[in-house]
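Just the heavy atoms: all of them, side chains too, but no hydrogens, waters or symmetry mates, feed the values below. Everything numeric here is computed off the predicted structure, so don't read it as measured data.
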Amino acid sequence: MQQQQVRQFVERYLATFSAHIVESHPDYFTVKLPVEVDKDIGNRPFYWSWVDKMNLAYQPLVLTFTFHPDCMPEGLRSEHLHLGAARMQQIFASTKKHGSFVCMYEQQGGLLGNAGKRRSTPLVPWLGMNLKVSLLCDKRRDILLYLGINLHQPRMVADFTSFLFSLSLTPTIPDYYYTLDRKVTIQEALQMVQLEVEHTLEQEDQQWAEEARTRLREEMAILEAYYEELARREPQDEQTSADESEDEAEQPVAQSSLGQEAQQTEPDPAGTASVEQPISFDEYRASGGRILDFLRANGIQTTPREEINQVEWKKSTPDEERQRRKDELAWQYEPRIEVSFINGGLFYLSSAPPLMRSSKAKSMRHLPASGRIM
């Protein structure tokens, strides 16, 4: 997506909400955000909560977007928009939020009858759906389906989106047009789409799933061999740690006896007559003292350690660690299929798309936008 395409997309996005363009320049433009856009990309949640709660007047947010970092406007606070910018991701999310489903009507030139009068034109309801079928394992493969379902007469076509791009569509029904009844319900149309997706998957080569399961078995074998070797080495490690613990247990006894003798013979260097002068917390911190020691010295009560409600950290056992690693490998390599809805809409058309069954593998390969990414 080039910078010119980024600008065109942002301008179309703002024009959809009838945003007011304050200034337009080849390198940048300044826009006054509408309410819906401001709530989605303005990053002012506390402001909007205050405005909605107090029923205050809306103060529009004015932003300047630039598309060439070397051509920043002088005297204006601007923001560089590119494909990876955080604001651009917010615009994509807002587009998906407001434009995931639309209702459009086809608009053509007036059709005149034999008497020279304009005649009414019927519009056939179509359900358009763009789906992404993902074949997942440690690799990923996406299949894009652009399906159209005739809701007046049960019929399904492929490449429906490309056909829509060739039409003139409007969000309101034009004059001298009327819509036909829907004889196919949305639920029945979804069942037709489900059968079409299943048929498409049947046409695909299943070798990718077998190869993924083979790689999973190889990784599991390596994991089992590692933990078997670890289990054989554990008795030696336990014996070594036991010997070290016995040596450490003897040392504290000698050190504690020496410490008691030192406490009995060590005199107080300051004497009983010395009185410590109280110091502030800032002075105590500046001298390098700890906060906990300052609290104890000034009689401030602290919460005992045993009363602190916290989950005690426990080291994972080898069996728990092995099971966790096996679950991770199964999630990574186990083949699975996910079907996600991209966007769609209800379209009332007077033109008929070309008759082409989407279940044929040939039609899928000729789709211009059905990119398959491995």
Side-chain angles (χ1 to χ4, degrees), residues 1 5 83-84 92 95-96 100-101 126-151 153-166 184-226 322-345 347 352-374:
M1 197 172 188
Q5 295 174 324
L83 190 59
F92 287 149
T95 304
K96 185 177 181 180
S100 59
F101 198 88
W126 287 81
L127 177 64
M129 296 184 65
N130 297 329
L131 304 176
K132 181 173 69 173
V133 182
S134 301
L135 312 180
L136 303 176
C137 54
D138 56 324
K139 301 179 180 180
R140 182 187 183 98
R141 182 183 181 189
D142 292 334
I143 304 174
L144 301 181
L145 300 179
Y146 309 93
L147 304 178
I149 303 95
N150 190 330
L151 300 181
Q153 297 177 350
R155 175 189 169 197
M156 180 180 293
V157 297
D159 201 9
F160 187 66
T161 303
S162 298
F163 171 72
L164 292 176
F165 287 153
S166 63
V184 179
T185 63
I186 299 298
Q187 190 64 29
E188 293 173 345
L190 294 179
Q191 293 178 359
M192 295 172 60
V193 171
Q194 181 178 356
L195 294 176
E196 183 64 27
V197 172
E198 294 176 356
H199 187 80
T200 301
L201 293 174
E202 291 175 357
Q203 301 297 322
E204 293 293 325
D205 187 8
Q206 305 299 324
Q207 185 65 25
W208 68 275
E210 297 298 331
E211 294 175 355
R213 291 192 180 95
T214 301
R215 292 192 296 270
L216 176 59
R217 288 192 293 267
E218 293 175 355
E219 293 293 333
M220 287 292 186
I222 295 174
L223 182 66
E224 292 294 339
Y226 168 77
R322 176 192 296 185
Q323 185 61 39
R324 183 168 61 250
R325 288 289 299 132
K326 291 174 67 175
D327 295 339
E328 292 174 356
L329 290 176
W331 174 85
Q332 181 179 3
Y333 287 92
E334 186 67 30
R336 60 192 184 277
I337 298 174
E338 293 182 359
V339 180
S340 58
F341 173 79
I342 302 176
N343 51 30
F347 303 92
L355 181 60
M356 179 176 59
R357 280 292 304 160
S358 61
S359 59
K360 295 181 180 179
K362 184 182 296 184
S363 63
M364 278 296 301
R365 293 193 180 94
H366 286 292
L367 287 181
S370 60
R372 303 190 177 194
I373 305 172
M374 193 60 150

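Not one N or O on the side chain of E334 forms a donor-acceptor pair closer than 3.5 Å with the backbone of A212. A donor-acceptor pair under 3.5 Å is absent between the side-chain atoms of R322 and the main chain of L223, judged by distance alone. When atom types are taken as modelled, the side chain of Q206 and the backbone of E204 share a donor-acceptor pair closer than 3.5 angstrom.
No more than 12 heavy atoms of other residues, nucleotides or ligands shown are found within 6.0 angstrom of OH on Y226.
Contact check for L135 versus L201: side-chain heavy atoms found under the 4.5 Å cut-off. Contact check for W331 versus L136: no side-chain heavy atoms found under the 4.5 Å cut-off. For the pair N130 and L144, the minimum side-chain heavy-atom distance is 4.5 Å or more. Two residues are said to be in side-chain contact when any heavy atoms from C-beta on lie closer than 4.5 Å; L329 and L216 meet this criterion. Under the 4.5 Å side-chain criterion, counting only non-hydrogen atoms from C-beta, S162 is not in contact with Y146. Counting heavy atoms from C-beta on, the side chains of L190 and I149 never come closer than 4.5 Å.
Closest non-hydrogen pair, P353 versus V157, comes out as CG-CG2, 4.1 Å. Across every non-hydrogen atom of V184 and A189, the tightest pair is CG1-N, 4.0 Å. For the pair F163 and P354, the tightest heavy-atom approach, listed with the atom from each and the gap, is CD1-CD, 4.1 Å. Considering all non-hydrogen atoms of both residues, W208 and P335 come closest at CZ3-CB, 3.6 Å.
Atoms CE and CE, from M129 and M192 in turn, are 12.0 Å apart once rounded to the nearest 0.5 Å. Atom OG1 of T200 and atom CD of E198 lie 10.0 Å apart (nearest 0.5 Å). A distance of 10.0 Å separates CG of L147 from CG of D159, quoted to the nearest 0.5 Å. Rounding to the nearest 0.5 Å places CD of E224 at 8.0 Å from CE of M220.
A salt bridge links E328 with R325; the closest basic N to acidic carboxylate O contact falls under 4.0 Å. A salt bridge does not link E338 with K132: none of the charged nitrogens is closer than 4.0 Å to a carboxylate oxygen.
Taking the ring-ring contact (aromatic ring centres under 6.0 Å, His included) definition, one finds that F341 meets it with nothing, sequence neighbours left out.
The only option from I342, I143, V193 that meets the side-chain contact (heavy atoms from CB on, under 4.5 Å) definition with L131 turns out to be V193. A salt bridge (Lys or Arg N to Asp or Glu O under 4.0 Å) with D138 is found for one member of R215, R336, R213 and no other, namely R215.
Taking the centre and axis of the six-membered ring of W126, the NZ or CZ atom of R155 falls outside the cone set by 45° and 6.0 Å.
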Query raised in the report: Please walk me through it: do L151 and I186 pass side chain to side chain contact (heavy atoms under 4.5 Å, CB included)?
Result: CA-CA 8 Å; L151 300 181; I186 299 298; 4.2 Å; yes

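The aromatic rings of F160 and F347 sit perpendicular, their planes meeting at an angle over 60°, well past the 30° parallel limit.
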